[in-house]
Amino acid sequence: MINSNADSAMGILFPNSYDSLVPELVTERLMASIPFASRYRLVDFMLSSMVNCGIDNISLIVKRNYHSLMDHLGSGREWDLTRKKGGLNIIPPFAQKNINIYNGRVEAIASILDFVKRQKEKYVIMSDTNVAVNFDFKDLLQQHISSGADVTIAYTKEEVPKALLDIDVTKKDLYYTLGIDDDGRVNKIEVSSKEPGVQNVSMNIYVIERELLMNQVREAHLNGRTYFERDIISPQLDKLNVKAYQHKGYYARILDTNTYFAENMKMLEEENVEALFSPNPVYTKIRDDNPTRYAIGSRAKNVMAADGCVIEGEVENSVLFRGVKVGKGAKVRNCVLMQDTVIETGATVEYVITDKNVNVSAYKELKGTESFPVFVEKGKMV
């Protein structure tokens with residue numbers, strides 16, 4: 001029987017990937033620390049998935065706007081990653097003389113090769129953090145080992161999301177679709193394909209032996225290459241044994257403000273919550289607060305509300321993060337209201353996303369549509 005060897009894998013996360021797709025949400029944060037599902041951040045899902053599968057040496061290579069992420073993760077206590085060896089390691093740019101702000105994964109990993117060389121784990125699992133998913137890394141790693149693959153790529157079977165099709169490639173946010181033969185081997189990697197119909201869309205989750213990764217990255221970096229998928233894996237599909245692993249469970253991929261809104265709205269359906277948050281728990285930073293309080297005369301229907309909220313008005317089909325306050329006579333419908341948003345007396349908001357600490361004044365009306373929700377920046381008074 002093959003051991004899953006989860007304790008022999010280290011994790012590397014890239015928290016800034018796809019930042020440019022959600023400019024409104026990342027003015028003061030990065031993709032990994034975008035709030036999601038009333039009390040979580042996107043990074044919580046990938047971190048928790050790794051921890052639940054026994055991976056306890058996880059590094060995050062950041063390049064900008066990472067202070068909110070550091071505040072959220074702290075020492076990693078909530079994920080049981082406060083350890084003398086391994087644990088949680090956040091690597092900012094310029095932390096060492098040879099670390100620079102990177103463009104692609106090749107440059108990012110090249111900047112920490114000395115660190116990777118000192119680690120003891122046999123395998124490395126790499127991932128972005130723009131996906132909310134309860135991922136089974138044990139199963140992924142077991143398949144990788146049993147298949148004898150050099151690299152295993154996780155993918156989903158779906159039509160390429162419109163937000164990906166609309167990506168401006170000059171911003172260097174690439175996506176990948178895979179050609180897979182009957183034996184599960186990847187025989188083609190398309191970069192930012194516009195092909196219609198159901199595709200094998202990469203999740204940007206990879207498993208590779210640590211020694212092989214170091215050798216490949218070292219050589220690619222010396223030759224001025226930037227992207228792990230495009231510049232290392234794709235040209236060597238005939239040389240490397242690259243296998244595919246299909247993820248069939250629930251996931252939410254954040255690709256622009258509209259998908260952020262839509263994926264939060266899906267959390268109002270019980271079956272989606274059940275699919276995302278089971279079978280394993282998702283951990284997040286604890287904020288000690290009172291349970292949500294519903295005042296006499298208030299009305300709430302189909303609401304996901306975190307702790308610390310105070311509801312005095314009407315709320316329907318909405319996701320409320322911690323500390324949201326809805327005043328008397330206020331109406332909130334089809335909204336995503338982030339932490340400590342205040343909707344004052346008599347105000348009406350519909351199809352609105354508010355960032356943290358937004359205040360909507362009394363009797364003001366703010367309305368968007370399902371396809372074009374209104375976004376209000378952090379700390380703004382409307």
Atom pairs and distances, side-chain donor-acceptor, residues 250-258, under 3.5 Å, sequence neighbours left out:
residue	atom	partner	partner atom	Å
Y251	OH	E158	OE1	3.0
Y251	OH	E158	OE2	2.8
R253	NH1	S202	O	3.2
R253	NH2	T156	OG1	3.0
R253	NH2	E158	OE2	2.7
D256	OD1	N258	N	3.3
D256	OD1	T259	N	2.7
D256	OD1	T259	OG1	3.0
T257	OG1	E24	OE1	2.9
N258	ND2	S371	O	2.8

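- Shown here for A220 and V106, the closest heavy-atom pair between the two residues is CB-CG1, 4.0 Å.
- Side chain of N223 to backbone of E219: a donor-acceptor contact under 3.5 angstrom is found.
- Applying the salt bridge (charged side-chain N to carboxylate O under 4.0 Å, His left out) test to E78 and every residue at least two apart in sequence or in another chain returns nothing.
- Between the R225 side chain and the L222 main chain, no donor and acceptor come within less than 3.5 Å of each other.
- Residue pairs meeting the side chain to side chain donor-acceptor pair (under 3.5 Å) criterion with at least one member in residues 323-333: none, sequence neighbours excluded.
- For K364, the side-chain contact (heavy atoms from CB on, under 4.5 Å) partners two or more places apart in sequence, or in a different chain, are V360, S361.
- In this structure, the side chains of I58 and N89 stay at 4.5 Å or more apart for every pair of heavy atoms.
- A donor-acceptor contact shorter than 3.5 Å links the side chain of S278 to the backbone of E274.
- For the atom pair CD1 (I34) and CZ (R41), the distance works out to 9.5 Å, reported to the nearest 0.5 Å.
- Note: Y155 OH to H247 NE2 = 12.0 Å, rounded to the nearest 0.5 Å.
- Evaluation of the ring pair (Phe, Tyr, Trp, His ring centres under 6.0 Å) test over residues 259-293, restricted to residues two or more places apart or in two chains, returns Y40-F277, F45-F277.
- For residues 201-224, every residue pair satisfying the ring pair (Phe, Tyr, Trp, His ring centres under 6.0 Å) rule, not counting sequence neighbours, is listed here: Y206-F228.
- Applying the side-chain contact (heavy atoms from CB on, under 4.5 Å) criterion to K378, with sequence neighbours excluded, gives E28, D355, K356, N357.
- Separating the CG atom in L240 from the CZ atom in R185 is a distance of 8.5 Å, to the nearest 0.5 Å.
- Checked for salt-bridge contact, E211 and K122 miss the test: no charged N lies under 4.0 Å from a carboxylate O.
- The existence of a salt bridge linking D114 and R118 is excluded, since no basic side-chain nitrogen approaches an acidic carboxylate oxygen closer than 4.0 Å.
- Q143 places a side-chain N or O within donor-acceptor distance of the main-chain N or O of A244, the cut-off being under 3.5 Å.
- Looking only at side-chain heavy atoms (C-beta outward), D288 and D307 stay at 4.5 Å or farther from each other.
- Counted by atom type alone, Q236 and Q216 present one or more donor-acceptor pairs between their side chains at under 3.5 Å.
- Using a 4.5 Å heavy-atom threshold, the side chains of M267 and N272 count as touching.
- Sorted by first then second residue, the ring pair (Phe, Tyr, Trp, His ring centres under 6.0 Å) pairs that include residues 56-88, not counting sequence neighbours, are H72-W79.
- Looking at every heavy atom in both residues, Y18 comes nearest to M31 through O-CE, 3.4 Å.
- The CD atom of Q199 sits 11.5 Å away from atom CG of L164, with the distance rounded to the nearest 0.5 Å.
- Taken together through direct or relayed side-chain contacts under 4.5 Å among Ile, Leu, Val, Met, Phe, Trp and Tyr, I343 and V315 form part of one hydrophobic cluster.
- Within the 3.5 Å criterion, the main-chain N or O of L276 finds a donor-acceptor partner in the side chain of N134.
- Inspection of the N187 and D181 side chains reveals no N or O donor paired with an N or O acceptor under 3.5 Å.
- The two residues L42 and A132 have their closest heavy-atom pair at CD2-CB, 4.2 Å.
- Counting Ile, Leu, Val, Met, Phe, Trp and Tyr side chains that sit under 4.5 Å apart, directly or through other members, I286 stands alone, with no cluster partners.
- A donor atom on one side chain and an acceptor atom on the other are found under 3.5 Å apart for D44 and T284.
- Between M10 and R210, the shortest heavy-atom distance links the atoms SD-CD, 4.1 Å.
- Taking a cutoff of 4.0 Å between a charged side-chain nitrogen and a carboxylate oxygen, E269 and K266 do not qualify as a salt bridge.
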Would you mind writing out the side-chain donor-acceptor pairs for residues 346-354 within the sub-3.5 Å range, not counting sequence neighbours?
residue	atom	partner	partner atom	Å
T354	OG1	M338	N	3.4
T354	OG1	T341	OG1	2.8

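- Across all their heavy atoms, D128 and S17 have their closest contact at OD1-OG, 2.8 Å.
- With hydrogens and angles left out, the side-chain atoms of E370 and N334 include no donor and acceptor closer than 3.5 Å.
- Qualifying side-chain contact (heavy atoms from CB on, under 4.5 Å) partners for N359, counting only residues two or more places apart in sequence or in other chains: V342, E344, M381.
- Identified under the side chain to side chain donor-acceptor pair (under 3.5 Å) test for residues 293-306, with sequence neighbours left out: N302-N317.
- Remark: the backbone N or O of P281 is paired with a side-chain donor or acceptor of N52 at under 3.5 angstrom.
- Using a cut-off of 4.0 Å between Lys/Arg side-chain N and Asp/Glu carboxylate O, K188 and E190 are scored as salt-bridged.
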